[in-house]
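Each remark here refers to the structure printed beneath this line.
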Amino acid sequence: MLIDTALLISNGGTIHSFNSTDYIFQVDEMPKYYYQIISGDVKLNYNYENGKELIQSLLTDGDSVCELLLFVDEAYPVNAVAMSDCTLIRVPKKEFLKMLDERPSVASVVSKYIATTLAHKLVMMQNMACVKAEDRIMGTLRYFKSFYHDKTPFSYELKLTRQQFACITGLRTETVIRWLKKFETSGIVKIIDRKVFY
DNA sequence: ACATTAAGTGGTG
DNA sequence: CACCACTTAATGT
């Protein structure tokens, strides 16, 4: 986990439970708390006027939730939505920043975390900028597998629904389904019981 | 068993 | 491709 739970609690942290699809915070809200996931899955997303959803990040156990906004005094540009029942620890912004002041080692861990996620975002942006859907999908698959320890072919299982994958790549569900099937035919990907392995 | 969500297919613009 | 309509498969209560 990013920051020790006990340390967060001793700095004003409180435990909160959310059900699947609950909002943890929403677009345009001013950030007031630091959030860290104890258990469960959370997505950062944005809903366009036309109803289309863009998933910006997928977060899980130990991750902090859009912590960078606590440093810029701006409203959230994304929603944080629980994707499963989950438990988070929440620390008021003021307490959180004070803790970082008092503990340079923790501050260092946080800045490294932010730098790391930003570096990953750069890679993902390169995928998103691809004009061809084919490249966006393959780039995203490679991107996900790059964080997975086993690099051998078909070792990585895509744990997302086609719809979620579409929301990440900015494509339609049908397009994702069709390309994944093409990739299966060409041997780039395996599909077993509807599960995708790359 | 019935409702809901996800996967997959065809066709149009 | 996106978008729409629709079928089939899988899950949930």
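All of these numbers come straight from a predicted model, not from anything done at the bench. Every chain is numbered from 1, with letters handed out A, B, ... down the list of sequences.
Taking 4.0 angstrom as the limit, Arg194(A) places none of its side-chain polar atoms (N or O) nearer than this to OP1 or OP2 of dA7(B). Between Arg162(A) and dA7(B), a side-chain N or O to OP1/OP2 separation shorter than 4.0 Å is present. The shortest distance between the side-chain N/O atoms of Thr175(A) and the OP1/OP2 oxygens of dC1(C) is not below 4.0 Å.
Atom CG in Leu180(A) sits roughly 12 Å away from atom C1' in dG8(B) (whole-Å rounding). The nearest whole Å value for the distance from the CE atom in Met83(A) to the P atom in dT5(B) is 15 Å. Distance, Arg178(A) CZ to dG11(B) C1': 9 Å, rounded to whole Å. One atom, NZ of Lys181(A), and another, C1' of dC1(C), lie 19 Å apart when rounded to the nearest Å. Summarising the geometry, the separation between CG on Leu158(A) and P on dA6(B) is reported as 14 Å, rounded to the nearest angstrom. The separation between Ile192(A) atom CD1 and dA7(B) atom P is 16 Å, rounded to whole Å. Between the C1' atom of dA10(C) and the NZ atom of Lys195(A) lies a distance of 11 Å, rounded to the nearest Å. Separating the CD1 atom of Ile137(A) from the C1' atom of dA2(C) is a distance of 13 Å, rounded to the nearest angstrom.
Between the base of dC4(C) and the side chain of Glu174(A) there is a donor-acceptor pair shorter than 3.5 Å.
When only modelled atom types and interatomic distance are considered, Ser39(A) and Asp61(A) share no side-chain donor-acceptor pair under 3.5 Å.
Using the six-membered ring where Trp is involved, Tyr143(A) and His120(A) have ring planes that are perpendicular, over 60° apart on the 30 and 60° scheme.
Nearest heavy atom pair, residue Ser155(A) against residue Asp150(A), reads OG-O, 2.7 Å.
Judged by distance alone, with hydrogens and angles left aside, the side-chain atoms of Arg136(A) form a donor-acceptor pair with the main-chain N or O of Cys130(A) at under 3.5 Å.
Across all strands shown, Gln164(A) has no heavy atoms under 4.0 Å from either base or sugar-phosphate atoms.
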